[in-house]
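Here the structure is laid out as structure tokens; the discussion comes afterwards.
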2 protein chains.
Amino acid sequence: MEEKEISQAVVARLPRYLRYLGELRDEGIERVSSQELSDIMQVTASQIRQDLNTFGGFGQQGYGYNVDYLYDEIGKILGLNREHRLIIVGAGHLGQALVNYSNFERRGFLFRGVFDCDPKVCGKKICGITVRPMDELADFVRVNRIDIAVLTIPKTSAVEVAGKLADCGIRGIWNFAHVDLRLPGHIQVENVHLSDSLMKLSYNLSSAGKEA
Amino acid sequence: MEEKEISQAVVARLPRYLRYLGELRDEGIERVSSQELSDIMQVTASQIRQDLNTFGGFGQQGYGYNVDYLYDEIGKILGLNREHRLIIVGAGHLGQALVNYSNFERRGFLFRGVFDCDPKVCGKKICGITVRPMDELADFVRVNRIDIAVLTIPKTSAVEVAGKLADCGIRGIWNFAHVDLRLPGHIQVENVHLSDSLMKLSYNLSSAGKEA
DNA sequence: CGGGAATTGACAAAAAATTAACATAAGCGT
DNA sequence: ACGCTTATGTTAATTTTTTGTCAATTCCCG
């Protein structure tokens, strides 16, 4: 269907558009022009129009964009109209934090299971979900038709677990482990490398003030 | 000092170089060529050489790069030779997860305090650090010369707290709240917008299979 | 110690992303 | 209903980023 390749840079900006549009909507604002959005978001109006047009014409000349409509459309593009079934692998603090963060549920990301290799943790409940042992992982994914696995485990076991998940038909992996997963191309991997992010901040602290 | 502007894209790749070099070092490998790195990291050799040369010539013609040396140099560029003093604002699950993640400490990111607005949480200890009430925040930052504040609080309070932090001389903010902070230019902000990341994954799941 | 092999650093070319410009279509007021 | 204003969609220009190429330098083997 999709003709042209859409760059990840454009996709990465969509959630931010969605966020601002949501705020406008909550304020009861009906329409917005690319120039107004530009002022609020500190992005060029040209980029906004260009980005939106990658996916189709959502605006109207002389009028601008209807906030509600555009919000919904971007949501659809991002797949937020569908429900996603997720599991967490790794019931540590990070895993718990994600399960507890209710905003994901609100967006249709439904946590259906939590897994951990530590027998002491298994059986406990996190946010109403029982922690299961790792040997139930494969069956659970298949039976419950899990889309996305969230990897909040140490890098040492991440590669192995990711391989197992790939074998039982997972479609996407949200990877918090500090390794690059090499998986078949049909499996989508989104990395969240927190230490990389912190190092970037550290760099910018060091370099601040040097220039100019 | 720094003459040319260095793009954030280049900076963002440095931590990954560091990670792979660390692995090579741990395997006892002494030297590496850009081509070898290219094979391991799935990046063009040209980009590796170009990136490294942005910061100076770390290699030697006919030999390649010395793993130990390059590892150290990239570490220095990223400011990992200095110690950073951090505080966590928001003692929820995410805040706790970050305090507990010992790899940051190992890199010189030292958690010196945890703050929360909930009186029920204050006084408790997280990973050996006592949770303090918010009204002690400003003084603590000044007295302990805190570099970086980690914002793991809801968006509603994030803007206000960030402003307070700016006033008491914070240099960097690692922002996990789902808002864009507008702060004076000398304050570095590094955003980790988890829901944006998850939406990106969702998009890629939806679009997978459509193309070609 | 000399010559071929290896590999960087620098530069050039290509590709991608961003910004600017503008013709065109729709709204809005009179 | 008409024309002026507004603001999109689109194409073109510019800038940035990435990739390719190659001369120059260093290593390494005999």
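Chain letters run A, B, ... following the sequence lines, proteins first and then strands; every chain starts at 1.
- Within the 4.5 Å cutoff, the side chain of A:Asn191 has no heavy atoms near those of the A:Ile173 side chain.
- Residue A:Asn53 places none of its side-chain N or O atoms closer than 4.0 Å to OP1 or OP2 of D:dT8.
- With hydrogens and angles left out, the side chain of B:Arg49 and the base of D:dT21 share a donor-acceptor pair within 3.5 Å.
- The two atoms that bring B:Asn103 and B:Arg106 nearest to each other are OD1-NH1, 3.1 Å, heavy atoms only.
- Computed from coordinates, the B:Glu36 CD to C:dA6 C1' distance equals 11 Å when rounded to whole Å.
- Using a 4.0 Å heavy-atom criterion, one finds that A:Ser46 contacts the bases of the nucleic acid, with or without backbone contacts as well.
- At D:dT18, none of the side-chain N or O atoms of B:Thr44 fall inside 4.0 Å of OP1 or OP2 (strictly under the cut-off).
- Distances shorter than 4.0 Å separate none of the side-chain N or O atoms of A:Gln60 from OP1 or OP2 on D:dA7.
- Rounding to whole angstrom units, OH of residue A:Tyr69 and C1' of D:dT8 are separated by 14 Å.
- Atom P of nucleotide C:dA17 and atom CD1 of A:Ile48 are separated by 18 Å, given to the nearest angstrom.
- Spacing between atom CG of B:Leu37 and atom P of C:dT7 amounts to 12 Å, rounded to whole angstrom units.
- Rounded to an integer number of Å, the gap from CD of B:Glu30 to P of C:dT7 is 15 Å.
- Note: CD (B:Gln47) to C1' (D:dG20) measures 13 Å, nearest angstrom.
- Comparing A:Gly62 and A:Gly59, the nucleotide of DNA chain D nearest to each residue sits closer to the 5' end for A:Gly62.
- Within 4.0 Å of A:Gln35, counting heavy atoms only, lies no atom of the nucleic acid at all.
- Judged by distance alone with a 3.5 Å cut-off, a donor-acceptor contact links the side chain of B:Gln61 to the base of C:dT8.
- Residues A:Arg82 and A:Asp147 are not paired through a salt bridge, judged by the lack of any N-O separation under 4.0 Å between the basic side chain and the carboxylate.
- B:Tyr63 has no side-chain polar atom (N or O) that falls below the 4.0 Å cut-off from OP1 or OP2 of C:dG9.
- Across the protein-nucleic acid pair, A:Asp51 atom CG and C:dT19 atom C1' stand 12 Å apart, rounded to whole Å.
- Between the P atom of C:dA16 and the CZ atom of A:Arg13 lies a distance of 15 Å, rounded to the nearest Å.
- In this structure, the side chain of B:Arg112 does not engage the main chain of B:Ile88 through any donor-acceptor pair within 3.5 Å.
- Remark on DNA chain C: of its neighbouring residues A:Val43 and B:Gly64, the 5'-side contact belongs to B:Gly64, judged by nearest-heavy-atom nucleotide.
- In this structure, A:Ser33 reaches the sugar-phosphate backbone alone: every heavy-atom distance under 4.0 Å involves primed, P, OP1 or OP2 atoms, never a base.
- In terms of position along DNA chain D, the nucleotide closest to A:Arg31 lies nearer the 5' end than the nucleotide closest to the other residue of the pair A:Arg31 and A:Gln50.
- The closest donor-acceptor contact from the side chain of A:Thr152 to the backbone of A:Leu94 lies at 3.5 Å or more, if one exists at all.
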